[in-house]
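Below is one structure, written out as structure tokens, with a few remarks after it.
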Protein chains: 2
Amino acid sequence: MKEGPDIALIGSLIGDPARANMLTALMGGQALTPTELAAHAGITLQTASSHLAKLEAGGLLTQRKQGRHRYYALAEDEVGLMLESLMGFAASRGLTRHRPGPRDPALRKARVCYNHLAGDYGVRLLDSLVAARQIEVTGEDLALTDAGRHRIEALGIDYDALQKSRRPICRTCLDWSERRSHLAGSLGEALLTHFIEEGWAKREKGSRVIRFSHNGERAFLELFPL
Amino acid sequence: MKEGPDIALIGSLIGDPARANMLTALMGGQALTPTELAAHAGITLQTASSHLAKLEAGGLLTQRKQGRHRYYALAEDEVGLMLESLMGFAASRGLTRHRPGPRDPALRKARVCYNHLAGDYGVRLLDSLVAARQIEVTGEDLALTDAGRHRIEALGIDYDALQKSRRPICRTCLDWSERRSHLAGSLGEALLTHFIEEGWAKREKGSRVIRFSHNGERAFLELFPL
DNA sequence: TTCATAATTCGATCGTAGTCGAAGCATTCC
DNA sequence: GGAATGCTTCGACTACGATCGAATTATGAA
């Protein structure tokens, strides 16, 4: 009768439109305050506060106090992966509330998925690393090869620091626009940070879009060929 | 504000405990009837029917009519992947429930489905006839070839008698233990009757189990190879 | 201190969705 | 043919949760 994990609780948390809007907003990767999230969801602050408490109790969000602000963010990578999976299915069903506008192609090209690169460029990144045998694919698992380690160290990324964290370095994440996997995990995060620090790309305010500069785009495509 | 796919609808569908129980049950891979699903969810048939209609409208389930039964199953692989992702997260939160026990192996091996053979042996029977080009598959329809007609007449089955009845001779029937089609229709019935009359197998009282004798099992496997 | 901003808590209202009994179809069994 | 089974539809009841106004707490600024 009752077997397996309890998905109803998680589902009901995501199932409320207001909460779903907040979670979608937080998929941008930035921590947001209750006031900002209330605006995203189109509800009052009181209601938002109640929702956020539930999401936190359910383990989907974490909260960080900072002065008189409280910053909410997705609790773990796993939350982002799960939401992306839901989005993938919803998108395949044609359940998109987003009116097809000019921002849509930009979103499909490159966007942030919690903390790593997604969209066409995100998929290309993983494909390129796999093609160069710098990442090995075993089923759904990814592993960095020796060549891969040297490669990212050459980019100036501290491999030992990545290894210290308990999070997996490489991880697949299903891309809802491309419907293929892109690179998540601490390496995925580090690479996106690297691109931004190098000035190749930057986050667009108030959305998940990642804008590549002209030179940044050229460098990215050259560095990660197919 | 509102970008990306609408995950709230999907979430709310999964969010109801009764529906979550049904989906969990269907993760087993077998197609189930509303009655069975109602039992899994601990609700009445009426309520289950309402839930199933919603899940189907949401694209999570598909339905297949079979006589006076309706078999529900997960609509696509993507649904399973999505649920798996949710379960993974729920499990990591420690939100686990009971563990499933092994079902009756004899039922899985061979049982009666109305009047024809089902289970592992039932699926094998159809597979073998198809492999020998004695039955042709066109989508969900089955057709007996000339070779097939000669084959069953050689077994002593009266083909003309089968043709006289209004019922289709060959028909697919979804096997709940194997989750694949087996052979139904008047031919399916005639074959099971044949096996029993030959003494190869007999029905077990008070259950749906079909017990093959030692010699019967040997003869069956030899006559219908894979 | 006093005021302003940020956020939570409380309480009341209101809709909606889950639930089941009863009735209505559809199909199969005898 | 009629009875039995499987399932859906309809209608009514109920309960839970989303929502917001008002009051409360907490932090920072003047």
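Between B/T47 and C/dT19 there is no side-chain N or O to OP1 or OP2 distance below 4.0 Å.
Taking atom NE2 of B/H69 as the reference point, atom P of D/dT5 lies 12 Å away to the nearest angstrom. Nucleotide D/dA18 holds its C1' atom 17 Å from the CG atom of A/L37, rounded to whole Å. The CD atom of B/Q63 sits 15 Å away from the P atom of C/dA26 (whole-angstrom rounding). Atom P of nucleotide C/dT5 and atom CD of A/E36 are separated by 16 Å, given to the nearest angstrom. We find that CG of B/L55 is positioned 14 Å from P of C/dA17, with the value rounded to whole Å. In this structure, B/M22 places its CE atom 13 Å from C1' of D/dC7, rounding to the nearest Å. Put simply, CD1 on B/I43 is 13 Å from C1' on C/dA17, counting in whole angstrom units. Residue B/R70 contributes atom CZ, which lies 12 Å from atom P of C/dT28 at whole-angstrom precision.
For the residue pair B/T33/B/E36, the side-chain donor-acceptor check at 3.5 Å is satisfied. Inspection of the B/T44 and B/T47 side chains reveals an N or O donor paired with an N or O acceptor under 3.5 Å.
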* To do: Any chance you could list the contact pattern along nucleotides 11-17 of chain D? Use B for base contacts, S for sugar-phosphate-only contacts and - for none, protein heavy atoms under 4.0 Å, 5' to 3'.
  => -------
* Structure fact -> Nucleotide by nucleotide, nucleotides 23-30 of chain D touches protein heavy atoms under 4.0 Å in the pattern (B base, S sugar-phosphate only, - none) ----BS--
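Using a 4.0 Å heavy-atom cutoff across all strands shown, A/T35 reaches sugar-phosphate atoms only and no base atom. The residue B/A18 sits close only to the backbone: its heavy atoms come under 4.0 Å of sugar-phosphate atoms, none of a base. At a threshold of 4.0 angstrom between heavy atoms, the contacts of A/Y71 with the nucleic acid are absent.
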Between protein and nucleotides 13-16 of chain C, what N or O pairs are separated by less than 3.5 Å?
none

* To do: Test A/K202 against A/E197 for salt bridge (Lys or Arg N to Asp or Glu O under 4.0 Å), laying out the working first.
  => CA-CA 9 Å; A/K202 54 182 166 186; A/E197 281 176 352; over 6 Å; no
* To do: Go through the steps to decide whether A/N115 and A/D77 satisfy the test side-chain contact (heavy atoms from CB on, under 4.5 Å), and finish with yes or no.
  => CA-CA 8 Å; A/N115 54 20; A/D77 289 357; 3.5 Å; yes
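A salt bridge does not link A/E204 to A/R111: none of the charged side-chain nitrogens sits closer than 4.0 Å to a carboxylate oxygen. B/R70 has no carboxylate O lying under 4.0 Å from a charged side-chain N of B/E56, or vice versa, which leaves the two without a salt bridge. For B/R124 and B/E217, the salt-bridge test fails: no basic side-chain N is under 4.0 Å from an acidic carboxylate O.
No side-chain heavy atom of B/L162 sits less than 4.5 Å from a side-chain heavy atom of B/E189. Within the 4.5 Å cutoff, side-chain heavy atoms of A/L23 are placed close to those of A/L61.
The side chain of B/S49 has D/dT9 as its nearest neighbour among D/dT9, C/dA6, C/dC20. Of all nucleotides listed (C/dA7, D/dC7, D/dT19), C/dA7 comes nearest to the side chain of A/T33.
Within the cation-pi definition used here (under 6.0 Å to the ring centroid, within 45° of the axis), B/R149 qualifies as a partner of B/Y159.
Taking the six-membered ring wherever Trp is involved, the centroid distance between the rings of B/W200 and B/F220 does not fall below 6.0 Å.
Counting heavy-atom neighbours within 6.0 Å of B/E198 CD, excluding the residue itself, gives a total above 12.
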